[in-house]
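Just so you know, these numbers use all the heavy atoms, side chains as well, and skip hydrogens, waters and symmetry mates. The shown structure was predicted, so the numbers you read here are calculated from the model rather than taken from an experiment.
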Amino acid sequence: MRVNFTVNGRSEAVDDVWEGESLLYVLRERVGLPGSKNACEQGECGSCTVYLDGTPVCSCLVAAGQVEGREVRTVEGLADGERLDPVQEAFVETGAVQCGFCTPGLIVQAHDLIQRNEHPSDVEIREALAGNLCRCTGYEKILDAVRLAATRKAALK
């Protein structure tokens with residue numbers, strides 16, 4: 001089957017999609033957007049989180065056919081050309097990027113949190129990121145990154 005959808009503002013038509021193919025596979029292998037990571041394939045780790053019609057989802061759990069006519073935004077789509085989103089910048093600056101496997105999903109989730117709540121508390125940050133597993137950072141640098149990004153985004157308004 002053919003799946004037509006928008007990804008990061010660009011129309012895509014992907015042919016020969018099979019029934020069990022995930023959105024994650026389509027994004028990485030067919031569209032050439034490797035940002036979302038394939039870690040658990042069970043929706044447990046959050047590494048594959050993308051926006052689907054403005055809502056964060058685990059792309060490993062979304063059948064590719066479900067995105068027909070819909071809009072997907074990946075971690076790559078948060079940047080404005082070569083200019084990184086403040087959340088992406090903050091992750092780099094604070095050292096929240098270690099092995100990088102969890103980073104794309106964490107960035108998308110943090111981006112969503114800050115869009116909804118300009119001044120999240122530590123409890124709110126932890127709750128928002130609870131579905132994302134990191135094995136390298138111990139989470140403190142991730143919390144630092146989200147705090148920094150929230151502060152910078154608030155200052156831009």
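- Once rounded to the nearest 0.5 Å, the distance linking CD of Glu44 with SG of Cys60 reads 9.0 Å.
- Ionic pairing of Arg147 and Glu140 is present here: one or more N-O contacts between side-chain nitrogen and carboxylate oxygen are shorter than 4.0 angstrom.
- The local environment of CD in Glu127 is sparse, with at most 12 non-hydrogen atoms from other residues, nucleotides or ligands closer than 6.0 Å.
- The hydrophobic clustering, which links ILVMFWY residues whose side-chain heavy atoms are closer than 4.5 Å, places Val67 and Leu24 apart.
- Asn132 contributes atom CG, which lies 7.0 Å from atom OG of Ser47 (distance to the nearest 0.5 angstrom).
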Donor-acceptor contacts under 3.5 Å from residues 94-110 side chains, at least two apart:
unit_1 : atom_1 : unit_2 : atom_2 : d
Thr94  : OG1    : Ala90  : O      : 2.9
Thr94  : OG1    : Lys141 : O      : 3.4
Gln98  : NE2    : Gly95  : O      : 3.4
Gln109 : NE2    : Ala128 : O      : 3.1

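- More than 12 heavy atoms of other residues, nucleotides or ligands shown are found within 6.0 angstrom of CD on Glu68.
- Pairing each heavy atom of Arg2 with each of Asp15, the nearest pair is NE-OD1, 2.6 Å.
- Within the 4.5 Å cutoff, no side-chain heavy atoms of Arg116 are placed close to those of His111.
- The two residues Leu113 and Glu124 make their nearest non-hydrogen contact at CD2-O, 4.2 Å.
- Listed for the Glu76 side chain is a donor-acceptor partner under 3.5 Å among the backbone atoms of Gly35.
- Considering only heavy atoms from C-beta on, Leu27 comes within 4.5 Å of Leu23 through its side chain.
- When all heavy atoms are compared, the tightest approach of Ser59 to Ser36 is OG-CB, 4.5 Å.
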Derivation of the side chain to side chain contact (heavy atoms under 4.5 Å, CB included) call for Asp16 and Trp18: CA-CA 6 Å; Asp16 301 320; Trp18 55 279; over 6 Å; no
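- Taking the charged nitrogens against the carboxylate oxygens, Asp85 and Arg152 have no contact shorter than 4.0 Å, which rules out a salt bridge.
- A donor-acceptor distance shorter than 3.5 angstrom exists from the side chain of Tyr51 to the backbone of Asp112, with no hydrogens or angles considered.
- The minimum heavy-atom distance between Val146 and Ile114, with the atom names listed, is O-CD1, 3.8 Å.
- To the nearest 0.5 Å, atoms CZ (Phe5) and OG (Ser11) are separated by 10.0 Å.
- When the side chains of ILVMFWY residues are joined at heavy-atom separations under 4.5 Å, either directly or via intervening members, Val75 and Val7 end up in two distinct hydrophobic clusters.
- Of all non-hydrogen atoms in Cys40 and Gly43, the two that sit nearest each other are SG-N, 3.4 Å.
- Leu52 places a side-chain heavy atom less than 4.5 Å from the side chain of Arg70.
- The hydrophobic cluster containing Leu33 does not contain Val87, counting ILVMFWY residues as joined when their side-chain heavy atoms lie under 4.5 angstrom apart, directly or transitively.
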Test log, rule side chain to side chain donor-acceptor pair (under 3.5 Å), inputs Thr74 and Asn8: CA-CA 7 Å; Thr74 68; Asn8 299 335; 2.8 Å; yes
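- Scanning all heavy atoms of the two residues, the minimum distance from Ala13 to Asn4 falls at CB-OD1, 3.2 Å.
- Taking the side chain as every heavy atom from C-beta outward, Glu93 and Leu148 approach each other to under 4.5 Å.
- The line from OG1 of Thr55 to CD of Glu71 is 11.5 Å long, rounded to the nearest 0.5 Å.
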Test log, rule side chain to side chain contact (heavy atoms under 4.5 Å, CB included), inputs Val31 and Val26: CA-CA 6 Å; Val31 180; Val26 167; 3.9 Å; yes
Audit row: Leu143, Arg126, side chain to side chain contact (heavy atoms under 4.5 Å, CB included) steps and yes/no: CA-CA 8 Å; Leu143 293 171; Arg126 288 177 189 277; 3.2 Å; yes
CA sep, side-chain torsions, deciding dist, call: Tyr139, Leu129, side chain to side chain contact (heavy atoms under 4.5 Å, CB included): CA-CA 10 Å; Tyr139 294 97; Leu129 301 182; over 6 Å; no
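- Here the CZ-CD distance, from Arg83 to Gln88, works out to 11.0 Å after rounding to the nearest 0.5 Å.
- A salt bridge (charged side-chain N to carboxylate O under 4.0 Å, His left out) check over residues 25-40, counting only residues at least two apart or in different chains, returns the pairs Glu21-Arg30.
- In this structure, CD1 in Ile142 is found 5.5 Å from CZ in Phe91, a value given to the nearest 0.5 Å.
- Arg10 has a carboxylate O that lies under 4.0 Å from a charged side-chain N of Glu12, or vice versa, which qualifies the two as a salt bridge.
- In this structure a side-chain-to-backbone donor-acceptor pair under 3.5 Å is missing from Thr6 to Gly9.
- Taking hydrophobic clusters as Ile, Leu, Val, Met, Phe, Trp and Tyr residues chained together by side-chain heavy-atom distances below 4.5 Å, Val62 shares a cluster with Val14.
- Side chains of Arg73 and Val50 form no contact here, defined as non-hydrogen atoms less than 4.5 Å apart.
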